[in-house]
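The basis for the numbers below is simple: all heavy atoms, side chains too, and nothing from hydrogens, waters or symmetry mates.
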Amino acid sequence: MVRYGELSTKGKNRRAFIDRLGFNVRETLHDFPDLVVKANRDRMHIQLHGEDSSAVMARLQQVFGIQNFSPSIKVERDVEAVKQTAVAMIKEHYQAGMTFKINTRRSDHDFKLDTNEMNDLLGGHILRTIPGIKVKMKQPDLILRVEIRQNGIFLSSQTIDGAGGLPVGTAGKGMLMISGGIDSPVAGYLALKRGVELEMVHFFSPPYTSEQALNKAKELTAKLAPFAGRIKFIEVPFTEIQETVKHDVPAGYLMTVQRRFMLRIAALLADKRDDLAIFNGESLGQVASQTLESMVAINDVTTLPVLRPVVSLDKNEIIEIAQKIGTFELSVMPFEDCCTIFAPPAPKTKPRLERARLYESRLAVDALIKRALAGVKVTEIRSGEKFLTENSDTFAELL
Ligand code: ATP
Ligand code: MG
């Protein structure tokens, strides 16, 4: 039994939210063929029909829009059946000295017992059946929830926190600039959490960056897929632009001009693909290119919103999330990405917008971008897919 998160406050959009959550849950659980998912107005019911409950619950914890859920048992609308199941469920968790309470809700008002009568009846029965157990109203050790519905009575003794947030896809579509680093996958997770459907854009510069650096970005995408469903991955060849910038732009502005190119291309792709915003993993003050001055000088190339979900987080806070969502270990694997390799020794921390515009105006911007766009490749990445293989290549690079 799944309880919805913030949905309940969304007024007339409620139906759309519930439908989308139902769709997302079915997607995540697509490989459990016997499941039946019913997304009703105030609860979602997932009938297991013999599928493995712990595997199903592990997946559910990664679906945004769920406040919490409870493994439940459905019994006939028969008091004896409820009594038996209630005792069995309490016994499952009971240890000597524990306290309990029964919490009944009734959506079917035709049932012969009301909530108080049901609480009393079950409470009394459990007290008589399990020696030593006591009733406690405030913060008992065990709570048995009973829901009386038209189609049966549902009992649950456990409530598991969901991922919170809003169902992915209810807040429009955006594009995440994903590198191989720690920050951008976390930014992606946070965007997904607020219901944004994401596509990934990644810039790579062969032969300066290896196939493994590209694969790393893909595998990070696969790590985010459990929260998102399938994710489109857009790879953009960036070698020519980086070589040109390195050759023709003063060292202090290399980084700024490179970033302007990245953002320009991301914005063009976003426009073409109906993405409403660009997300990145910038955190204020973390490195030279992530000062406010720098953001002014880079952001200049687009009017699309550039959203930075980790802008105010400290590095250790970002790492904590990366560990929680399972991207950290992959992110710290040592494959050079295009920015590390072309990083100037001393990038300006306070680049000036007019300077950036001036240096850039000396380059054949449109032609460079056109050629990069011609080399774009789009693939679709699913959860669990592996791209980094433990082959000789990988080890050679790690050594
Ligand atoms: P991250 O850990 O996400 O790599 P970072 O702290 O290393 O971030 P930068 O390298 O300055 O920071 O990158 C800032 C942001 O620019 C990244 O978070 C990412 O959104 C974007 N970015 C950097 N490199 C790439 C790339 N090769 N492809 C796509 N986006 C990139
Ligand atoms: Mg980086």
NZ (Lys232) with more than 12 external heavy atoms under 6.0 Å
no
Is there a donor-acceptor pair under 3.5 Å between the side chain of Lys193 and the backbone N or O of Gly188?
no
Any carboxylate oxygen within less than 4.0 angstrom of a Lys/Arg side-chain nitrogen, looking at Lys218 and Glu235?
yes
Between Lys315 and Asp183, does the salt bridge (Lys or Arg N to Asp or Glu O under 4.0 Å) criterion hold? Intermediate values first, please.
CA-CA 8 Å; Lys315 192 75 187 185; Asp183 307 324; 2.9 Å; yes
Does NZ belonging to Lys350 count more than 12 external heavy atoms closer than 6.0 Å?
no
ring-ring contact (aromatic ring centres under 6.0 Å, His included) partners for Phe279, two or more places apart
none
Please check if the side chain of Asn13 supplies one atom and the backbone of Ala16 the other of a donor-acceptor pair under 3.5 Å.
no
Scan side-chain atoms only and decide if Thr349 and Thr291 contain a donor-acceptor pair under the 3.5 Å cut-off.
no
Between the side chains of Asp300 and Arg357, is the shortest nitrogen-to-carboxylate-oxygen separation below 4.0 Å, so that they form an ion pair?
yes
What do the steps show when you test Asp114 against Arg106 for salt bridge (Lys or Arg N to Asp or Glu O under 4.0 Å), and what is the final call?
CA-CA 7 Å; Asp114 69 16; Arg106 191 170 68 144; 5.5 Å; no
Kindly say whether Leu313 contributes a backbone atom to a donor-acceptor pair with the side chain of Ser283 at under 3.5 angstrom?
yes
For Val146, does its backbone N or O pair with a side-chain atom of Thr104 as donor and acceptor, under 3.5 Å?
no
If you take all heavy atoms of Pro206 and Thr239, which pair is closest and at what distance?
O-OG1, 2.7 Å
Is there a path of hydrophobic side-chain contacts, each under 4.5 Å between heavy atoms of I/L/V/M/F/W/Y residues, joining Leu276 to Leu268?
no
So which pairs with a foot in residues 251-273 pass ring pair (Phe, Tyr, Trp, His ring centres under 6.0 Å), sequence neighbours left out?
Tyr253-Tyr359
Is the shortest heavy-atom distance from the side chain of Ile46 to the side chain of Leu60 under 4.5 Å?
yes
Contacts of Tyr94 meeting ring-ring contact (aromatic ring centres under 6.0 Å, His included) (sequence neighbours excluded), chain-then-number -> none
Does Gln84 CD have over 12 foreign heavy atoms under 6.0 Å away?
no
What are the two closest non-hydrogen atoms of Lys134 and Leu127, and how far apart are they?
CA-CD2, 4.2 Å
Hydrophobic cluster membership, with links at side-chain heavy-atom distances under 4.5 Å among I/L/V/M/F/W/Y: are Met1 and Leu35 in one?
no
Quick one: does any side-chain atom of Lys377 pair with a main-chain N or O of Val236 as donor and acceptor, under 3.5 Å?
no
Solution key, residues 362-370 side-chain donor-acceptor pairs under 3.5 Å, sequence neighbours excluded:
none

More than 12 heavy atoms of other residues, nucleotides or ligands under 6.0 Å from CD of Gln139: yes or no?
no
Are Asp31 and Arg59 close enough, and set up right, to give a salt bridge (Lys or Arg N to Asp or Glu O under 4.0 Å), and what steps lead you there?
CA-CA 11 Å; Asp31 49 346; Arg59 296 269 185 93; 3.0 Å; yes
Give a yes or no on whether Glu117 atom CD has more than 12 heavy-atom contacts from other residues, nucleotides or ligands under 6.0 Å away.
yes
Under the criterion salt bridge (Lys or Arg N to Asp or Glu O under 4.0 Å), I'd like the reasoning laid out for Glu360 against Arg355: C-alpha separation, chi angles, the key distance, then a yes or no.
CA-CA 8 Å; Glu360 189 186 77; Arg355 287 277 148 139; over 6 Å; no
As a quick check of understanding, evaluate side chain to side chain contact (heavy atoms under 4.5 Å, CB included) for Glu147 and Arg43, giving each step before the final call.
CA-CA 11 Å; Glu147 291 208 19; Arg43 290 276 195 275; 3.2 Å; yes
Is the backbone N or O of Ser179 less than 3.5 Å from a side-chain atom of Ser184, with the two atoms forming a donor-acceptor pair by type?
yes
Looking only at heavy atoms, which two atoms of Met98 and His93 are closest? And how far apart?
SD-O, 3.5 Å
So if you build clusters from Ile, Leu, Val, Met, Phe, Trp, Tyr with side-chain heavy-atom gaps below 4.5 Å, do Phe328 and Ile321 land together?
yes
Show the atom names and distances, to 0.1 Å, of all donor-acceptor pairs under 3.5 Å that link a side chain in residues 48-58 to residues at least two apart or in another chain.
{"from": "His49", "atom 1": "NE2", "to": "Gln47", "atom 2": "OE1", "distance (Å)": "3.3"}
{"from": "Glu51", "atom 1": "OE2", "to": "Asp34", "atom 2": "N", "distance (Å)": "2.9"}
{"from": "Asp52", "atom 1": "OD1", "to": "Ser54", "atom 2": "N", "distance (Å)": "3.1"}
{"from": "Asp52", "atom 1": "OD1", "to": "Ser54", "atom 2": "OG", "distance (Å)": "3.1"}

Do the side chain of Asp314 and the main chain of Glu317 share a donor and acceptor less than 3.5 angstrom apart?
no
Any side-chain heavy-atom pair of Glu76 and Ile153 under 4.5 Å
no
Taking side-chain contact (heavy atoms from CB on, under 4.5 Å) as the criterion, tell me which of Ser70, Ser72, Pro71 meets it with Gln158.
Pro71
Among residues at least two apart in sequence or on other chains, which ones pass salt bridge (charged side-chain N to carboxylate O under 4.0 Å, His left out) with Asp108?
Arg77
Within-4.5 Å side-chain heavy-atom neighbours: Leu113 and Val79
yes
Main-chain N/O of Met137 paired to Lys101 side chain as donor or acceptor, under 3.5 Å
yes
Do Val196 and Phe233 sit in one hydrophobic cluster, given that two such residues count as connected whenever their side-chain heavy atoms are within less than 4.5 Å of each other, even indirectly?
yes
Determine the interplanar angle of the Phe64 and Phe227 rings, folded into 0 to 90°, and report it as parallel if under 30°, tilted if 30 to 60°, perpendicular if over 60°.
parallel
Do His30 and Glu27 have side chains that approach each other closer than 4.5 Å (heavy atoms only, starting at C-beta)?
no
Please find the pair of heavy atoms, one from His202 and one from Ile178, that lie closest to each other, and give the distance.
ND1-O, 2.8 Å
Look only at the side chain of Arg382 and the backbone of Arg230, and say whether a donor-acceptor pair between them is shorter than 3.5 Å.
no
NZ/NE/NH1/NH2 to OD/OE distance under 4.0 Å, Glu80 and Lys83
yes
Would you say Ile318 and Val311 are hydrophobically clustered, going by side-chain heavy atoms of ILVMFWY under 4.5 Å?
no
When you look at NZ of Lys216, are more than 12 heavy atoms from neighbouring residues, nucleotides or ligands closer to it than 6.0 Å?
yes
Show the nearest heavy-atom pair for residues Asp161 and Gln61, with the distance to one decimal.
O-NE2, 3.5 Å
Are the side chain of Arg273 and the backbone of Glu199 linked by a donor-acceptor contact shorter than 3.5 Å?
no
Would you call Lys348-Glu293 a salt bridge at under 4.0 Å N-O?
no
Heavy-atom closest pair, residues Pro185 and Ile325:
O-CD1, 4.2 Å
Should we count CZ of Arg352 as having more than 12 external heavy atoms under 6.0 Å?
no
